[in-house]
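The structure appears below as structure tokens.
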Amino acid sequence: MKEFAALFTRIDQTTKTSIKINALSDYLQFAPKEDRLWCIALFTGRRPRRAVTTTQLREWAAEAAGIPLWLLEESYPVVGDLAETIALILPPNGQYTNHGLSHWINELRDLHDVENEARMPRILAAWDQLAPTERFLFNKLITGGFRIGISQKLMTRALARALDRDEAEMAHRLMGNWSPETTTWDALIEAEDPATDLSRPYPFYLAYQLDDAPETLGDPSDWSAEWKWDGIRGQVILRGGEHFVWSRGEELMTDRFPELARLRDFLPDGTVLDGEILAWRDGPLPFNALQKRIGRKTVPKKLLTEAPVAMAAYDLLETGGVDLRAQPYATRRAQLETLCRDLPADAPLHLPPHVTFDTWDALAQTRATARNHSSEGVMLKRRASPYLAGRKKGDWWKWKLDPLTVDAVMIYAQSGHGRRANLFTDFTFAVRDGNELVPFTKAYSGLTDAEFREISAWVRKNTLQRFGPVRQVTPHHVFEIAFEGIFESPRHKSGLALRFPRMSRWRRDKPLDEANTLDDLRALLKAYD
Amino acid sequence: MVLSFTERGIYCPAGDFYVDPWKPVPRALITHGHADHARPGHGAYLCTHGAAPVMRHRLGDIRLDTIAYAETRQIGSARVSFHPAGHVPGSAQIRIEVGGEVWVVSGDYKTTPDGLSEAFEPVRCHSFISECTFGLPVFTWEPQDIVINQINQWWAANASAGITTMLGAYSLGKAQRLLAAIDPSIGPILTHGAVEATNAVLRGQGYALPETVPVMPDTDHKAYPGALVLAPPSALGSAWARKFGPQSTGFASGWMRLRGVRRRRAGDRGFVISDHADWPGLLDAIRTTEAENIYVTHGYTDIFARYLRETGYNAQIVATDYTGEVLDPAPDEDGA
């Protein structure tokens, strides 16, 4: 664990990508194969099975540290991370032993098979053998979520560097449904044919936001445009008589969207589609219809009729079992159109037509009507571009509408986690309704660090009441809240919900009575829902 | 009550004086020279001989009387003496005895020696007024020599890589403590004006500090390869700091114990070193006073007081305007 802790420390002590890649690449060359494999798994969001609950972990740590449990609980929000809190309160370790990363993961796995009472002494023994940073990492293995500034992209680059192999191939090998418990280093990284895994998706190509004028992209005839849908980006794979549905976050969602099983009736085996999963009835429904389906692993019948989903396809990555990604977009799109030509109207697959335009001005005018098409803007794709892996600048752009905004009053504040621990960063906002303030949204982002520090100091001095971690503050500050959409929502007191709310400006110039009203929000709802 | 808590500060009716008041008063006894404890505008001041030069430097022409550690002075019907608090050079706890009842105002303190400040001395009392800036069990400090070693190694590695070492630390106390402990043979040491001003005051008092080069507007930033630059935390990342070219940035503060804070500061390194007591230090100090009544001031007061009550003390929270070691110092908070 010493080597893995050293790797973690090197990464954690720098903000420079080159240093992170060097550190990872060193580890991936020199660590034992099983440790390397777990290292990749952890930094790409895979985790070992959880053998003990975080509740148990808290209790045992408090006991080991000789402090009451409530004191640990009070320390946690200050630290902002449970694994770290526990590592910080434990007494110094007694007998240090240097085992590798996979040793400790196996130890956690083995805890599944022992009696409940035997687990605590094994965890205490582990703590006693680990140095402080190693303890923190060990705890992280249990509590989950290694967010240390290593993106999938960075991991892939480091792996390609360590093995002197092609980056895109490495990215493809790391995709999909693997875990160190079901595969080996050799099978995942070294084996000859990566397509042996039928379900393995291609790395998604991600667009950048277009901030400059579209004229900077050059000749409009080099580009295709389509509506940008607000659903779940997905990849549908039809191989070996089966079908698989992947999210952009590499989550297998096949069972969540049973409607898509029918795609096998319309498309040949050896087909891979990229597109957007949307709630659909005679056209795309707003995002809040899809929201009901998200997070549900099984779907009750009622919901299948209320919010049926379909895929709006926009790219063809594989046909007849052949990888098309190197072909120009225009070619792939033409093949996709051929494939979708004879679809019946009730098929769970749609191919929304391109948005046609001759000049950038004309496209700008069409784009301004996006909200009327349940869309948040347009996507621009260079007709000659291959399908790349990851977020790359140049060929794909999202050109979104400016967000909607309202001016709202801050009424509750809560402190954040991680690097935002000890700062108030999570706020609840209200609009005016007569003499009352009606809460309607939360927002966490959009302020600078300096602004968060300033508002945190203000919150500490202007707390009216505490409800656990939440503080009710004097209604005083007005913020401009930007958002992408507004929907009716009976679950909220205000009767509505926002899509992607964030703080776009601190309106120090606005007094409380100039904040927007509930009626203003209802008018927006009427205009856009 | 020997002391009472008023809106101007901690007040002793028997002697008609205040301790570290935050609003102007006729007579103030001051524990140490940090800005949140020694404020301008009082009629008369009393502090230790060691704290006086910094007080004069910061507050200018004030009516200031000084006293030696452990010397006793009668003020009205109160007997007063000052005892080392180990916080910064010259810092004191103030012992106040009225009719046989003893109270101690600790100001800011730390219980472990730092090689520069006069070492903390526990003072027996009935009532103890304690800070608790780091009053949570997650705050425990490693011995100073381990942290200083980390700083030396970091500096030496930067020097051999040809980049400048930028270390952020409070300009009064922490900076001089670091100066006195680090290995000056690694390279030249450059100082920000705020740090150098305190250096000059402490050198004048006879505290031994290694040679430093104050950074002036006309300083040639390239003329000091392998240098360590010591500056207040708020100066790091500023235009002033960027002039030193390729650099590695570190902060020296108790808050660096927390990974979230280290990441928020966006420095390369965080060194866990504080002039305030850690959790075991606070509990030790309170135990050795043998006091029954504990008044906790700035820090995690509600949590710390609750813990003290559960462990048998009569503990209460007192609201003050002291700040302790500031979590996210803004440019005007560096003096705390």
Side-chain angles (χ1 to χ4, degrees), chain A residues 8-16 19 61-62 64-92 132-133 136-137 140 147-149 415-423 425 449-454 456-457 460-461 466, chain B residues 133-143 146 150 154 157 161 163 234 237 246 248-250 255-272 278-280 283 298-311 319 321 323 326-333:
Chain A
F8 167 80
T9 303
R10 277 177 77 185
I11 293 169
D12 202 42
Q13 282 178 352
T14 186
T15 48
K16 296 185 185 74
I19 295 177
I67 61 168
L69 183 60
W70 69 262
L71 188 52
L72 184 153
E73 302 287 0
E74 291 281 2
S75 302
Y76 170 30
V78 173
V79 176
D81 183 294
L82 183 63
E84 185 186 349
T85 308
I86 290 172
L88 291 177
I89 60 161
L90 290 173
T133 306
F136 165 63
L137 295 169
K140 272 284 186 198
R147 276 195 298 270
I148 61 161
S415 59
H417 286 262
R419 71 186 286 270
R420 307 168 91 188
N422 251 317
L423 275 185
T425 58
D449 282 0
E451 286 173 324
F452 275 129
R453 283 199 293 271
E454 189 183 344
S456 294
R460 283 184 197 109
K461 287 191 178 132
R466 289 185 186 207
Chain B
T133 307
F134 292 109
L136 291 178
V138 294
F139 295 109
T140 53
W141 313 148
E142 295 217 74
I146 290 181
Q150 292 167 355
W154 169 62
I163 59 176
S234 62
S248 180
T249 305
W255 293 107
M256 293 297 123
R257 177 86 170 146
L258 304 182
R259 182 169 167 252
V261 178
R262 283 201 302 275
R263 285 159 67 211
R264 186 150 91 224
R265 286 282 182 84
D268 297 301
R269 298 292 300 271
F271 300 100
V272 187
D278 63 359
W279 171 259
L283 296 180
H298 51 303
Y300 294 101
T301 48
D302 42 355
I303 302 171
F304 192 59
R306 177 176 168 193
Y307 181 77
L308 290 177
R309 281 195 292 271
E310 286 192 5
T311 47
D321 274 9
T323 54
V326 178
L327 174 59
D328 290 300
D332 57 338
E333 284 171 339

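So that the names make sense, note that chain A is the first sequence line, chain B the second, and so on, each numbered from 1.
Annotation: maximal heavy-atom pairing with chain B below 4.5 Å, among A/L72, A/D12, A/T85, occurs at A/D12. Ranked by non-hydrogen atom pairs under 4.5 Å with chain B, the options A/D449, A/V78, A/I67 are led by A/V78. Heavy-atom pairs under 4.5 Å with chain B were tallied for A/E84, A/E454, A/K16; the largest tally goes to A/E84.
In terms of the ring-ring contact (aromatic ring centres under 6.0 Å, His included) criterion, residue partners of B/F271 (sequence neighbours excluded) are, by chain and number, B/W154. Judged as a ring-ring contact (aromatic ring centres under 6.0 Å, His included), and not counting sequence neighbours, the contacts of B/Y307 are B/W279.
Using a 4.5 Å heavy-atom threshold, the side chains of B/I303 and A/W70 count as touching.
Heavy atoms of B/R262 lying under 4.5 Å from chain A belong exclusively to its side chain. Interface remark: A/I89 contributes backbone and side-chain atoms alike to the contact with chain B (heavy atom separation under 4.5 Å).
Here A/D81 contributes atom CG and B/R259 contributes atom CZ; the two are 7.0 Å apart, rounded to the nearest 0.5 Å. Rounding to the nearest 0.5 angstrom, the gap separating the CZ atom in B/R269 from the OG1 atom in A/T9 is 9.0 Å. Taken to the nearest 0.5 Å, the OG1 atom of B/T140 stands 10.5 Å off from the CG atom of A/L90.
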